[in-house]
Amino acid sequence: MESGQLPMSTLPGGFDLQSTLESGQSYLWWRADGGDYDDEPPYGGDAWYCTTTRATGEPAAVRVRQRDGVIEWESTVDAEPVLRDRLRLDDDLDAIRAATPDDPLVEASFDAYRGMRLVRDPPFASLISFICSAQMRVSRIHAMQQSLREAFGDPIAVDGETYHAYPTPERLAAATEAELRDLSLGYRAPYVKRTAEMVADGNDPGAMEGEPYEAARESLTRYVGVGEKVADCVLLFSLGYLQAVPLDTWIRKTIGEYYPDCDRGNYADTSQAIRERLGGEYAGYAQTYVFHHLRHGGEVEQRA
DNA sequence: CCCCAGGCACCTC
DNA sequence: GAGGTGCATGGG
């Protein structure tokens, strides 16, 4: 077991582990206390876990927590590069905020969750988890991913505890639709199975990274259960397209209330309009702050 | 009983 | 391309 730590002062713009992991970006981490992500912050407990894959292909778990100005971790692997990658610790939040237009709602949201970062989830797990997210509450999306891991993920034994890796494409492709429905996936069950089959057959969802944004979004919608919104989530929270602005019910409501001129009647044009309003390159960062802020009842003092 | 949740597939026109 | 419908499940 290796442990390590990193002072937050080395991270440009700071870091807030809890808001990063509880802002509805990633459903692949879980709390050591088993607590529900819809509990009101602050989480006074201890640590979060994620899993990663060794060079040998064997899965491993990483335990992380933040306290007294440091991020600290324990794992059977060298976790620092994993955490830098998965939690985007190298993003310069000050520069990102500086590149984001002044706007009362965006400013209030950045202020409320200083240090929140985007995540970089592994592509297949991101894809499946956001297929599961359709018409579903944040806490239940988490619960579904937990169920999928426990039912189909390779076990990871650590200190007498057993955790489970996220299932492989092959394993989910081999699951029956009935088995998936038994995990309360509902009508998403066949989507998960068919998409897993596509990935297992060689269609790597990470392969379009580097393509132009709109082409990449189009490519992702080939997967079953993936429309424009889920595609934008995978682009933003896994493939590093920081300009992507997923139009979910919250953001649509926000557009109606704060940016009505950005409503262009269809997804692609509205998405482009709000993307430009939020500054383009890092629009997805601003969107994620606003989403998290409004979902926790935040408002803005003064309307533009 | 109702409505809603980080929507999508499928069907018309 | 735009517009309607059905869809599983659980919580308020």
Side-chain angles (χ1 to χ4, degrees), chain A residues 19-29 36-40 109 113 116 118-119 121 125-148 151 175-198 205 214 217-239 241 244-257 263-272 274-275 278 283-298:
Chain A
S19 58
T20 298
L21 295 182
E22 299 194 349
S23 45
Q25 309 179 50
S26 175
Y27 302 97
L28 307 180
W29 294 70
D36 193 300
Y37 276 34
D38 275 352
D39 291 348
E40 280 303 308
S109 302
Y113 296 101
M116 187 175 88
L118 289 184
V119 299
D121 278 345
S126 179
L127 182 62
I128 296 297
S129 61
F130 277 100
I131 287 172
C132 292
S133 77
Q135 290 294 104
M136 197 50 61
R137 285 185 176 79
V138 166
S139 59
R140 286 204 61 217
I141 304 166
H142 275 109
M144 285 181 181
Q145 307 318 304
Q146 197 83 3
S147 299
L148 284 171
T176 66
E177 186 179 319
E179 287 176 318
L180 295 171
R181 284 184 186 269
D182 284 347
L183 302 181
S184 298
L185 265 63
Y187 63 81
R188 303 157 197 80
Y191 301 164
V192 167
K193 179 172 172 61
R194 292 178 62 192
T195 288
E197 288 169 347
M198 292 172 71
E214 265 140 357
R217 188 172 70 189
E218 180 64 26
S219 296
L220 280 175
T221 59
R222 292 176 309 137
Y223 295 105
V224 183
V226 179
E228 292 170 301
K229 185 270 170 187
V230 166
D232 268 332
C233 287
V234 175
L235 291 173
L236 180 60
F237 302 132
S238 176
L239 302 184
Y241 288 80
V245 177
L247 299 185
D248 61 83
T249 52
W250 283 91
I251 294 300
R252 288 179 184 278
K253 183 178 160 200
T254 304
I255 289 171
E257 192 169 343
D263 183 359
R264 305 294 162 84
N266 64 71
Y267 190 99
D269 293 341
T270 302
S271 174
Q272 181 174 342
I274 190 67
R275 199 159 64 243
L278 295 178
Y285 244 106
Q287 180 271 359
T288 301
Y289 274 90
V290 168
F291 173 84
H292 190 46
H293 185 50
L294 293 181
R295 217 174 68 82
H296 282 86

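Excluded from the calculations below are hydrogen atoms, water molecules and symmetry mates; all remaining heavy atoms, backbone and side chain alike, are included.
- Atom CG in Asn266(A) sits about 18 Å away from atom P in dG7(B), given to the nearest Å.
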- Query: Under the ring pair (Phe, Tyr, Trp, His ring centres under 6.0 Å) criterion, do Phe130(A) and Tyr27(A) qualify, and how do the steps go?
  - Reply: CA-CA 8 Å; Phe130(A) 277 100; Tyr27(A) 302 97; 5.4 Å; yes
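- Using modelled atom types, one finds no donor on one side chain facing an acceptor on the other under 3.5 Å when comparing Ser238(A) with Asp121(A).
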Enumerate all atom pairs, one protein N or O and one N or O from nucleotides 1-4 of chain B, separated by less than 3.5 Å.
from	atom 1	to	atom 2	distance (Å)
dC4(B)	O2	Arg137(A)	NH2	3.2

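- You can see that DNA chain C meets the heavy atoms of chain A within a 4.0 Å-exclusive cut from dA2(C) to dG11(C), reading 5' to 3'.
- In this view, Ala143(A) satisfies the side-chain contact (heavy atoms from CB on, under 4.5 Å) rule with no residue, not counting sequence neighbours.
- Here Phe291(A) packs flat against the base of dG6(B); its ring centre is closer than 5.5 angstrom to the base's six-membered ring, tilted by less than 30 degrees.
- Between His292(A) and Trp250(A), the closest side-chain pair of non-hydrogen atoms is not below 4.5 Å.
- Contact detail for Val230(A) and Ser133(A): the closest heavy-atom pair is CG2-OG, 4.4 Å.
- For Glu218(A), the side-chain contact (heavy atoms from CB on, under 4.5 Å) test picks out Thr221(A), with sequence neighbours left out.
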Listed pairs, N/O of protein and of nucleotides 9-11 of chain B, under 3.5 Å:
from	atom 1	to	atom 2	distance (Å)
dA9(B)	OP1	Gly225(A)	N	2.8
dA9(B)	OP1	Val226(A)	N	3.4

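- One atom, NE2 of His292(A), and another, C1' of dG6(B), lie 13 Å apart when rounded to the nearest Å.
- Residues Tyr267(A) and Asp232(A) have side chains that bring a donor and an acceptor to within less than 3.5 angstrom of each other.
- Looking only at distances, a side-chain donor or acceptor of Ser23(A) sits under 3.5 Å from a matching main-chain atom of Thr20(A).
- In this structure, the side chain of Arg222(A) engages the main chain of Ser219(A) through a donor-acceptor pair within 3.5 Å.
- When the P atom is used for both dG3(C) and dG6(B), the distance is 25 Å, rounded to whole Å.
- Leu185(A) places its CG atom 20 Å from the P atom of dA5(B), with the value rounded to the nearest Å.
- As rounded to whole Å, 9 Å separates atom C1' of dG7(B) from atom CZ of Arg252(A).
- Among the atoms of the strands shown, base atoms are found under 4.0 Å from some heavy atom of Arg188(A).
- A distance-only check finds no donor-acceptor pair linking the side chain of Glu257(A) to the backbone of Thr254(A) [under 3.5 Å].
- Between dA5(B) and dA8(C), the two C1' atoms lie 12 Å apart (nearest whole Å).
- The CG atom of Leu294(A) sits 14 Å away from the P atom of dA5(B) (whole-angstrom rounding).
- One can place CZ of Phe130(A) at 13 Å from C1' of dG7(B), the figure rounded to the nearest angstrom.
- The phosphate of dG7(B) (OP1 or OP2) has a side-chain N or O of Thr249(A) nearer than 4.0 angstrom.
- Atom-to-atom, OH of Tyr267(A) to P of dC8(B) comes out at 7 Å; the value is rounded to the nearest Å.
- His142(A) places no side-chain N or O within donor-acceptor distance of the main-chain N or O of Leu28(A), the cut-off being under 3.5 Å.
- In this structure, the CG atom of Asp248(A) is 10 Å from the P atom of dA5(B), given to the nearest Å.
- For Ser147(A), the side-chain contact (heavy atoms from CB on, under 4.5 Å) partners are Leu183(A), not counting sequence neighbours.
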